[in-house]
There are 2 protein chains.
Amino acid sequence: MKPIAIGELSRQAAVKVPTIRFYEERGLLPRASRTEGNRRTYGAADVRRLRFIRHARELGFEIEDIRALLDLAEQPERPCGEVDAIARRHLADIDDRIARLAGLRAEVQAMLDECSRGRVRECRIVEVLADHGECLHEEH
Amino acid sequence: MKPIAIGELSRQAAVKVPTIRFYEERGLLPRASRTEGNRRTYGAADVRRLRFIRHARELGFEIEDIRALLDLAEQPERPCGEVDAIARRHLADIDDRIARLAGLRAEVQAMLDECSRGRVRECRIVEVLADHGECLHEEH
DNA sequence: CTTGCTCCTCTAGTCGCTAGAGGAAGTAGG
DNA sequence: CCTACTTCCTCTAGCGACTAGAGGAGCAAG
């Protein structure tokens, strides 16, 4: 029940001090109460909330989604469809990014495979970059 | 041989006008010569150079790498080892990102699989986020 | 001459932090 | 009580690669 300082919160939630202040400013954490000397004080609920935020960030959720997830987590009687929807959207987003990266990977690999390690003059990598027609890339 | 305006360059290279100015400021494109009325003018070489930049960006190379690639492309007699090295580093970077995303994907998918579509109270997604111990995540 | 398009410069915003300046408050030891 | 050290405060600026917008000037066609 004893309040802790921002540095202690930082250690307990494994989130850096400036990041905590940043989350407060962005409204993910409530405005912390202050000591007489104007220092932020926190309690157990803040540790839990900040850990939640960190886990969500580690999983790649963005701030807006986390804000929504936190709101929903506070309403335990509601159906969890919205939580689900956010996670599903995030999954789709990850899949998109993987697909795009896999495409890039294939192209860069193809360039490297064709490079005969001669001079820049006949380097296929440079040629492909200079003339888009030569590569697989076809996105708009 | 007739000079073209920035809008025409934009169309021919498929790069937006503000982005062209941005590249100039960053030194990827040489400072364009100007008309009497202070408008930038370009020639065929600029179109080629800007296309090169666009292709490299589409493949995910970052500005610094592209700057190096452009420098190298102008020295055709040098061995292409450095070009190769840049591409190889980029490939490794892509692989890293794919691996990390694949990890995230698995975790988010696992959360979704466990969600029984009930109320937020018993939603596994919220639980996993709230208690890191429950998830696969183990980094750092 | 007027309409409408293109162009100019400059500033600020995106995302999620991170780094640093410059100063005040708290704590431990002598 | 004094000093040294750590922690904390606010504020500003930077990252990467643009994008958006303000406010104004040039230019071509009718």
Side-chain angles (χ1 to χ4, degrees), chain A residues 2-29 31-42 46 50 52-70 89-90 93-94 96-97 100-101 104, chain B residues 2-29 31-42 46 50 52-70 89-90 93-94 97 100-101 104 140:
Chain A
K2 50 192 159 196
I4 59 175
I6 198 170
E8 185 55 27
L9 175 62
S10 169
R11 277 182 290 277
Q12 289 190 26
V15 173
K16 289 179 192 158
V17 168
T19 306
I20 295 172
R21 290 195 275 248
F22 170 75
Y23 287 158
E24 177 181 319
E25 191 215 297
R26 290 324 215 58
L28 290 193
L29 291 174
R31 281 198 65 189
S33 51
R34 307 289 183 117
T35 66
E36 285 180 20
N38 196 34
R39 281 148 183 250
R40 291 171 177 84
T41 56
Y42 298 95
D46 296 303
L50 185 52
F52 185 105
I53 295 168
R54 177 170 61 84
H55 303 158
R57 283 294 301 136
E58 283 172 352
L59 289 175
F61 287 95
E62 44 193 69
I63 300 264
E64 276 313 304
D65 282 345
I66 297 174
R67 194 195 308 281
L69 287 171
L70 284 164
R89 261 194 288 111
H90 184 46
D93 188 53
I94 292 173
D96 262 21
R97 273 145 60 186
R100 247 178 305 120
L101 283 172
L104 296 192
Chain B
K2 49 194 157 196
I4 60 176
I6 198 170
E8 185 56 27
L9 175 62
S10 169
R11 277 182 289 276
Q12 288 190 26
V15 173
K16 288 179 191 158
V17 168
T19 305
I20 295 172
R21 290 195 275 247
F22 170 75
Y23 288 157
E24 178 180 318
E25 191 215 296
R26 289 324 215 58
L28 290 193
L29 291 174
R31 282 197 62 190
S33 51
R34 307 289 183 116
T35 65
E36 286 180 19
N38 196 33
R39 281 147 184 249
R40 291 169 177 83
T41 56
Y42 298 95
D46 296 303
L50 186 52
F52 185 105
I53 295 168
R54 176 170 61 84
H55 302 159
R57 282 296 300 135
E58 283 172 351
L59 289 175
F61 287 96
E62 44 193 69
I63 299 266
E64 277 312 304
D65 283 345
I66 296 173
R67 195 194 310 281
L69 286 171
L70 284 164
R89 262 195 287 111
H90 183 47
D93 189 54
I94 292 172
R97 274 148 54 188
R100 248 179 303 119
L101 283 173
L104 295 192
H140 192 57

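Residue numbers start from 1 in every chain, and the chains themselves are labelled A, B, ... in the order their sequence lines are given, proteins ahead of strands.
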Mark yes or no for whether B:Ser10, through its side chain, and B:Val15, through its backbone, hold a donor-acceptor pair below 3.5 Å. yes
Answer whether the closest heavy-atom distance between the side chains of [X] and [Y] falls below 4.5 Å.
| X | Y | value |
| --- | --- | --- |
| B:Leu29 | B:Ile53 | yes |
| A:Tyr23 | A:Ile63 | yes |
| A:Leu50 | A:Gln12 | no |

Taking for each residue the nucleotide of DNA chain D bearing the nearest heavy atom, is the 5' side occupied by B:Thr19 or by B:Arg26? B:Arg26
Testing the 3.5 Å rule here: is there a donor-acceptor pair between the side chains of A:Ser33 and A:Thr41? yes
So salt bridge (Lys or Arg N to Asp or Glu O under 4.0 Å) across residues 59-68 of chain A, not counting sequence neighbours, yields A:Glu64-A:Arg67, A:Asp65-A:Arg89
In whole angstrom, what separates [X]'s [atom1] from [N]'s [atom2]?
| X | N | atom1 | atom2 | answer |
| --- | --- | --- | --- | --- |
| B:Phe22 | C:dA12 | CZ | C1' | 15 Å |
| A:Arg57 | C:dG16 | CZ | C1' | 6 Å |
| B:Asn38 | C:dC8 | CG | P | 7 Å |
| A:Ile53 | C:dG16 | CD1 | C1' | 13 Å |

Is B:Arg54 paired with B:Glu58 through a side-chain N to carboxylate O contact shorter than 4.0 Å? yes
Under 4.0 Å between a side-chain N or O of [X] and OP1 or OP2 of [N]?
| X | N | value |
| --- | --- | --- |
| A:Lys16 | C:dT18 | yes |
| B:Arg40 | C:dC8 | yes |
| B:Arg21 | C:dC7 | no |
| A:Tyr23 | C:dG16 | no |

A:Arg34 and A:Arg39: CA distance, side-chain angles, deciding distance, side chain to side chain contact (heavy atoms under 4.5 Å, CB included) verdict: CA-CA 5 Å; A:Arg34 307 289 183 117; A:Arg39 281 148 183 250; over 6 Å; no
Are more than 12 heavy atoms, taken from residues, nucleotides or ligands other than A:Arg31, located less than 6.0 Å from that residue's CZ atom? no
Which parts of residues 60-70 of chain B get close to DNA chain D, meaning a heavy atom less than 4.0 angstrom away? B:Glu62, B:Ile63
Comparing nearest nucleotides in DNA chain C, the 5'-proximal residue of the pair B:Arg11, B:Arg34 is B:Arg11
Along DNA chain D, 5' to 3', what are the outermost nucleotides having an atom less than 4.0 Å from a heavy atom of chain B? D:dA17 to D:dC27
